[in-house]
Amino acid sequence: MPIIKLNIRWKYFLTLLVLCLFPLVVITLASHIGIKQLVETISQDTRDAFNDLSHRALLQTAQTQSLIYQRSRQAVEFALLDLSKEAQLVEKQGGSVPEAISKPMADILNAFPRMAKRVLVVGSSGVALVLHEGDDAPVAPDQETKDWIKEKLENSHEPGKVVWASPGFSSPGEPSHYTTLVFFGDAKTGKQMVALEISTLDKLNQGVTAAPWRDMTQSFLVASGIHPETGEPGLKILAQKKTGPGGWSGPEDEKWLTSSDQGQIRSILDSISRDGSGTKQFAHGEETCVWAWAPTGKGTCFVTLVPTSVVEIKSRQVAQILAGYTQSTLVLSGLAALATLLLVALAAFMGSRRFSRPLMEVIQGIAKVSRGDFSIRVNLKTGDEWDSLIQGFNRMVPMLEETMAWRKRLELAREVQQSLLPKSPPSVKGLDIAARSVSAQQVGGDYYDFLKANEEQRLTVAVGDITGHGVGAALLMTTARALVRRRSRRAGNLAKIIFDINKQLAPDVADSGKFMTLFLAEVDMNKMVVRWANAGHDPALIYDPTNDLFESLEGGGLILGPFENSVYEQYKRPISPGQIIILGTDGIWETMNFEGNYFGKESLNKVVAAHAHLPARDIVEQVFQALNTFRRPKRQEDDVTLVVIKVLEEGTEYKQLKLPELC
């Protein structure tokens, strides 16, 4: 696929567009999601609020109906008791009750307009009069009423107590009508009775709290009972007010208030039995309704229902309004985003040239520097942050030129230092020798050398470590190497050699604070011994594979440099075929990983023991591999030098190879 190449101006232009377009898209999407969530939250809160309002309003309606109903009945009872007392007073005064009580009968009907239907008075003589609503004078009862009077007198209750009967004595087709009775008199005077037929439910059409769904509300006057068909407890409808402006009426035949959730009906019956009121939401017929009920205290209860679909109309209207608002808001935000994008595009197009010019100047300068031309300078003034970049570039070029010069010098120093180290181990009969030194920087302070190596089976090895790293340590290492080589050509044991070297080195480093550690070891295959002298260096190790033991070549004196007259001693011990002599610097066991753990001498011993059967060069290779694996990805922080000498079994010989040089 071909790569489309664009200059910096167009890249800058497109980058600005993308950088501006991305937040605009994110903000637009976030706004859309946020507004949508807000609409959903408000809609849900609205539904919950209207649902709560419907419950509270319907409960208040039911309780108001119950209260009006109870107050109306109490008023009727008080009025009828007064009428009975007046009738008793007329009897005591010797008057004729029916004739003398006509005006009080008319007064009681007038006291309850549209509610009182007719009033009846029966005297001790058995004469009865009935005054109907709207009539001017009482009349004698018809035969049906006389039969009703006879039945009630025969089953009369305690004198002076109000008794309610249902249905009315002359209105069997109006179950919403009730008859109030008061019996009075005694065995001497005979039984007397007053009765009033009323419809207290007519009062309920007035004073009920209005609601947004009033025209869709159904109200029922019910009584608890056992349903004749199901045998389950239920709510028998005594009267009902259907939706619309009409009043209360009784059902044409026996009806029950039912629901598919019989458990909820039972919970309402239980609440009514404890004179409790409340609200619930469950099915009535084919739709879910909000039910509210309140007992009247006379064995009956008012139940009010409104469909939840009616209650949710307002909340749906709110949701539609919010949806329209959301749509308009998104359109406006989209137009604003488009306008912003056009402005950004114009600004990017106009500013891309001004932006790209100083950048192109700097890029051209960098290209010349990369080709080795350090004379380049950028002469341009922009009056903004580009000036800082240009000035930084102009200051960087000469510094980079000097850095490159130093790099070349250090590279030359590294080559010189590497040339001072042995190119390959010497050939000594009976010994397998290998060594390697790797600096942490381009030049380092570690030193090793092979001295007095000859075919007479003798080898002297020197391993040293200069404090610090870099150029200073490398220069001191070079000086120390010259001193060691020059002094080792003269006679004297190893202790005397170290003493003389320190004597010459100490004055040179007295004021620098530098010092050096040095370990000299002489392997004598004729006498099968190893001799050594130590100036503050870590002891060399001897590994015996036959018993898997490591032994340190302990003993020694102070480091070289601080004290000119330090005294040193020479030590020796026997060696055996198969043993391995290991000399190294502290860069091996002090190698640290990212967890802060040191490689340690124990890990070195394990690597040597695990590969003791290999030639010396392979043992060295395995140690360096283990160090690299342990340290990675952390970079090397100290110079590392290792010399391995294997004492060969008789008849065994390893070919000595030149080791690769590692930086």
Side-chain angles (χ1 to χ4, degrees), residues 44 47-70 166 175-176 201 204-205 208-316:
Q44 183 60 46
R47 286 193 294 270
D48 295 341
F50 272 98
N51 186 60
D52 181 64
L53 176 63
S54 67
H55 281 255
R56 289 188 285 109
L58 289 177
L59 179 60
Q60 182 180 6
T61 299
Q63 291 174 338
T64 302
Q65 290 174 336
S66 175
L67 183 62
I68 294 173
Y69 184 78
Q70 293 180 59
S166 174
S176 62
L201 296 175
L204 300 180
N205 294 324
V208 178
T209 304
W213 47 84
R214 179 178 182 182
D215 292 339
M216 300 300 295
T217 303
Q218 300 182 69
S219 298
F220 300 89
L221 178 65
V222 298
S224 58
I226 302 298
H227 198 288
E229 296 180 1
T230 63
E232 293 283 342
L235 299 171
K236 183 179 180 180
I237 299 175
L238 302 179
Q240 68 183 73
K241 182 181 182 300
K242 296 183 179 180
T243 57
W248 288 82
S249 64
E252 297 177 357
D253 51 11
E254 184 176 293
K255 287 187 177 181
W256 294 75
L257 197 56
T258 60
S259 172
S260 58
D261 193 343
Q262 185 60 29
Q264 298 288 3
I265 296 295
R266 283 195 291 268
S267 67
I268 294 178
L269 289 170
D270 180 64
S271 175
I272 294 172
S273 67
R274 293 182 280 103
D275 290 332
S277 58
T279 61
K280 284 183 178 293
Q281 184 171 309
F282 58 96
H284 173 59
E286 296 182 355
E287 59 182 342
T288 303
C289 295
V290 179
W291 297 54
W293 66 93
T296 65
K298 295 292 184 179
T300 56
C301 176
F302 277 102
V303 177
T304 305
L305 290 86
V306 63
T308 55
S309 59
V310 175
V311 176
E312 293 175 353
I313 290 177
K314 290 293 184 181
S315 60
R316 286 197 295 268

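Counting begins at 1 with the first residue of the sequence.
Ile265 has its side chain out of reach of Asp261: every pair of non-hydrogen atoms, C-beta onward, lies at least 4.5 Å apart.
Annotation: ring-ring contact (aromatic ring centres under 6.0 Å, His included) contacts involving residues 258-289, sequence neighbours excluded, comprise Phe282-Trp291, His284-Trp291.
Applying the side chain to side chain contact (heavy atoms under 4.5 Å, CB included) rule to Gln281 yields the partners Asn51, His55, Thr288, Val290, Thr308; only residues at least two apart in sequence or on another chain are considered. The side-chain hydrogen bond (donor to acceptor under 3.5 Å, both in side chains) check on Gln70 picks up Ser66, with sequence neighbours excluded. With sequence neighbours excluded, the residues satisfying side chain to side chain contact (heavy atoms under 4.5 Å, CB included) with Ser309 are Glu287, Pro307. By the salt bridge (Lys or Arg N to Asp or Glu O under 4.0 Å) test, Lys280 pairs with no residue at all, sequence neighbours left out. Qualifying side-chain hydrogen bond (donor to acceptor under 3.5 Å, both in side chains) partners for Thr258, counting only residues two or more places apart in sequence or in other chains: none. Evaluation of the salt bridge (Lys or Arg N to Asp or Glu O under 4.0 Å) rule for Asp52 yields Arg56 as partners, not counting sequence neighbours. By the salt bridge (Lys or Arg N to Asp or Glu O under 4.0 Å) test, Asp270 pairs with Arg274, sequence neighbours left out. Scored by the side-chain hydrogen bond (donor to acceptor under 3.5 Å, both in side chains) test, Ser277 finds Gln63 as partners (sequence neighbours excluded). Considering only residues two or more places apart in sequence or on other chains, Ala49 meets the side chain to side chain contact (heavy atoms under 4.5 Å, CB included) condition with none of them.
Distance CG/Leu59 to OG1/Thr64: 9.0 Å, rounded to 0.5 Å. Here the straight-line distance linking atom CD1 of Ile272 with atom CD1 of Ile268 works out to 6.5 Å at 0.5 Å rounding. Atoms OG and CZ, on Ser271 and Arg266 in that order, are 15.0 Å from each other to the nearest 0.5 Å. How far CG of Leu53 is from CG of Leu58: 9.0 Å, rounded to the nearest 0.5 Å.
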Which atom pairs, donor and acceptor, lie under 3.5 Å between side-chain atoms of residues 222-236 and protein residues at least two apart or in another chain?
unit_1, atom_1, unit_2, atom_2, d
His227, ND1, Glu229, N, 3.1
Thr230, OG1, Glu232, N, 3.2

Begin with the C-alpha distance, continue with both residues' side-chain angles, and end with the deciding distance and a verdict on side chain to side chain contact (heavy atoms under 4.5 Å, CB included) for Thr217 and Thr61. CA-CA 10 Å; Thr217 303; Thr61 299; 5.6 Å; no

Please determine whether side chain to side chain contact (heavy atoms under 4.5 Å, CB included) holds for the pair Leu221 and Phe302, giving the CA-CA distance in whole Å, both sets of side-chain angles, and the decisive distance to 0.1 Å. CA-CA 5 Å; Leu221 178 65; Phe302 277 102; 3.9 Å; yes

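In this structure, Gln240 and Phe220 approach most closely via the heavy-atom pair CB-CD2, 3.5 Å.
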